[in-house]
Amino acid sequence: MIGLGFGAEFIPIYQAHPNANVAAICRRNEAELNKVGDTFGIQKRYTNYDDVLADSDIDFVHINSPIPDHAAMSLKALDAGKHVMCTVPMATTIDECRQVVESVQATGLKYMMAETVVYSREFLFIREMYRRGELGDIQHLAASHPQDMDGWPSYWERMIPMHYATHVVSPCLGLIDGRAEYVSCFGSGKVRDDIAEKSGNRFAVESCHVKVKDQDLTAHIWRFLYDVARQYRESFDVYGTKKSFEWTLVENEPHVIHTAKKPEDEIPEKVEVPDFAHLLPEPIQRFTMPAEIHDSEHLSFVQGGGHGGSHPHMVHEFLSALLEDRHPWPNAVTSANWTCVGLCAHESALKGGEIVRLPGFTLQ
């Protein structure tokens with residue numbers, strides 16, 4: 001386990017899973033490293049990432065480091081013969097995404113971007129409805145991720161909104177098993193001068209339309225990080241011919257399903273989304289619930305609502321992929337496509353909404 005802030009939340013899940021063991025942990029801060037090691041009874045501890053990669057007992061690394069480190073750490077691990085699960089996004093440049101995809105293809109190793117939304121109970125609920133035919137034909141998809149990053153680690157001040165867009169890209173494309181072909185994005189408003197100077201981005205909000213390849217569908221996504229008044233929200237709306245799902249406007253309130261051809265006042269219905277722990281091995285089912293969150297005061301959980309019970313589902317998917325010798329979902333190419341949507345979207349915004357096409361390696 002690399003990175004033990006947010007990353008520490010995954011340790012008890014791996015320890016409880018019947019097919020895994022946390023062989024070692026790694027963190028730059030030795031005092032915090034030892035605190036986590038003592039808490040979870042892990043003896044092998046590293047402050048240097050290269051030492052982890054030189055350890056023959058390590059089969060794969062789960063990377064939860066700051067965003068600027070994701071690509072470099074993933075590439076070093078693949079070069080060292082380790083499988084990789086890495087938190088979002090895959091990288092911060094298109095070229096880094098290409099390098100990860102090419103390394104996975106060259107080595108035959110497994111790579112998974114640990115995208116929480118497509119393993120959240122809300123997404124699993126919508127996907128189940130869609131696969132049963134309850135939504136009918138999908139007509140449009142939309143997702144938003146407003147977020148106030150004041151008070152978070154300072155590296156976020158250098159982040160561009162659409163460069164951290166996988167939480168809104170992934171459910172739109174993941175539901176329909178689609179790839180983004182091209183995007184058009186506009187910037188709106190402006191952030192304060194110190195944020196603009198650090199990030200190189202002046203837009204307060206970035207709003208993007210995504211054309212889905214080989215399908216008659218588009219998705220609308222938008223993001224902001226600073227200087228907009230809005231409660232945190234990771235939302236996903238789906239509009240079908242039979243039913244539509246709209247994410248609640250206010251955290252912890254019911255979502256809404258709209259059913260076609262009913263009397264107008266009966267079309268919307270509030271719905272409580274069920275948990276999907278039954279899809280998991282019994283020893284890790286409890287980890288879908290907020291009560292099992294080790295550090296519930298971490299900003300990621302205070303704002304994000306615990307990521308919809310997604311963590312044990314991601315762990316189980318990656319371990320299952322390794323045991324079954326298959327690529328996990330999302331694999332490297334899909335992860336690159338989801339990540340590059342945001343990278344291309346910002347490029348489009350800088351060009352006043354000009355269409356920018358996704359690179360070919362993300363469409364394989």
Side-chain angles (χ1 to χ4, degrees), residues 1-90 100 109-116 119 152-153 155 280-281 283-284 286-288 290-301 304 306-307 310-323 328:
M1 181 62 62
I2 314 299
L4 303 178
F6 170 53
E9 299 303 326
F10 291 90
I11 293 175
I13 303 173
Y14 281 111
Q15 290 180 322
H17 197 286
N19 297 319
N21 175 55
V22 182
I25 53 177
C26 179
R27 187 172 186 172
R28 297 179 182 94
N29 184 312
E30 189 169 8
E32 292 299 318
L33 171 72
N34 288 329
K35 186 185 299 184
V36 172
D38 292 345
T39 298
F40 294 105
I42 300 168
Q43 299 306 313
K44 195 176 287 189
R45 307 168 188 183
Y46 294 107
T47 57
N48 188 306
Y49 184 54
D50 289 338
D51 293 337
V52 175
L53 301 183
D55 188 336
S56 61
D57 289 338
I58 306 299
D59 298 300
F60 76 89
V61 293
H62 185 154
I63 298 169
N64 289 281
S65 57
I67 289 171
D69 297 333
H70 289 180
M73 283 190 158
S74 295
L75 288 166
K76 288 185 77 169
L78 292 166
D79 287 345
K82 314 294 186 187
H83 304 288
V84 175
M85 177 147 76
C86 181
T87 191
V88 298
M90 171 185 262
V100 174
L109 294 165
K110 308 296 188 289
Y111 173 94
M112 176 180 173
M113 184 174 71
E115 172 50 62
T116 56
Y119 287 98
W152 283 65
Y155 69 80
L280 299 167
I284 65 168
R286 69 184 190 275
F287 292 106
T288 65
E292 293 296 330
I293 294 173
H294 172 65
D295 180 11
S296 60
E297 297 307 309
H298 190 284
L299 281 167
S300 178
F301 297 107
H307 297 143
S310 60
H311 295 180
H313 290 284
M314 295 189 299
V315 167
H316 184 58
E317 166 62 10
F318 193 64
L319 292 173
S320 297
L322 295 181
L323 288 167

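For reference, positions follow the sequence shown, starting with 1.
Within the 4.5 Å cutoff, side-chain heavy atoms of L78 are placed close to those of V100. Side chains of F318 and H62 form no contact here, defined as non-hydrogen atoms less than 4.5 Å apart. By the 4.5 Å heavy-atom criterion applied to side chains, M112 and M314 are counted as neighbours. Side-chain contact between Y46 and D55 is present, with heavy atoms from C-beta onward closer than 4.5 Å. For the pair L280 and T288, the minimum side-chain heavy-atom distance is below 4.5 Å. When side chains are defined from C-beta on, I13 does not count as touching H316, because their heavy atoms never get closer than 4.5 Å.
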(message) Test side chain to side chain contact (heavy atoms under 4.5 Å, CB included) on T47 and L33; report intermediate values, then the result.
(response) CA-CA 8 Å; T47 57; L33 171 72; 3.7 Å; yes
(request) Give the intermediate values and the outcome of side chain to side chain contact (heavy atoms under 4.5 Å, CB included) for residues Q15 and I42. (result) CA-CA 10 Å; Q15 290 180 322; I42 300 168; 3.8 Å; yes
(request) Show the numbers, then the answer: is there a side chain to side chain donor-acceptor pair (under 3.5 Å) between Y49 and D69? (result) CA-CA 11 Å; Y49 184 54; D69 297 333; over 6 Å; no
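If you take CE on M73 and CG on N64, they are separated by 10.5 Å, rounding to the nearest 0.5 Å. Annotation: the span from I2 atom CD1 to L53 atom CG amounts to 7.0 Å, rounded to 0.5 Å. Here the straight-line distance linking atom CG of N34 with atom CZ of R27 works out to 11.0 Å at 0.5 Å rounding. One finds the CD1 atom of I58 at 11.5 Å from the CG atom of D51 (value rounded to the nearest 0.5 Å). Annotation: the span from S320 atom OG to H313 atom NE2 amounts to 12.0 Å, rounded to 0.5 Å.
Identified under the side-chain hydrogen bond (donor to acceptor under 3.5 Å, both in side chains) test for residues 71-90, with sequence neighbours left out: D50-K76.
The minimum heavy-atom distance linking V52 with C26 is given by the pair CG2-CB, 3.7 Å. The two residues K110 and A321 have their closest heavy-atom pair at CE-O, 4.3 Å. Taking all atoms of both residues into account, the shortest heavy-atom contact from D57 to A23 is O-CB, 4.4 Å. Shown here for R45 and G37, the closest heavy-atom pair between the two residues is NH2-C, 3.2 Å. Here the closest heavy-atom approach between residue M85 and residue A114 is recorded as CG-CB, 3.9 Å. Closest of all the heavy-atom pairs between H70 and P89 is ND1-O, 2.8 Å.
A54 is linked by a side-chain contact (heavy atoms from CB on, under 4.5 Å) to nothing, counting only residues two or more places apart in sequence or in another chain.
Note: F10 and F6 have perpendicular aromatic rings, judged against thresholds of 30 and 60 degrees for the angle between ring planes. Taking the six-membered ring for Trp and thresholds of 30 and 60 degrees, F60 and Y14 have ring planes inclined between 30 and 60 degrees apart.
The side chain to side chain contact (heavy atoms under 4.5 Å, CB included) with F40 is formed by just one residue from the set I11, I25, L4; it is I11.
Residue-environment remark: CD (E32) exceeds the threshold of 12 foreign heavy atoms within 6.0 Å.
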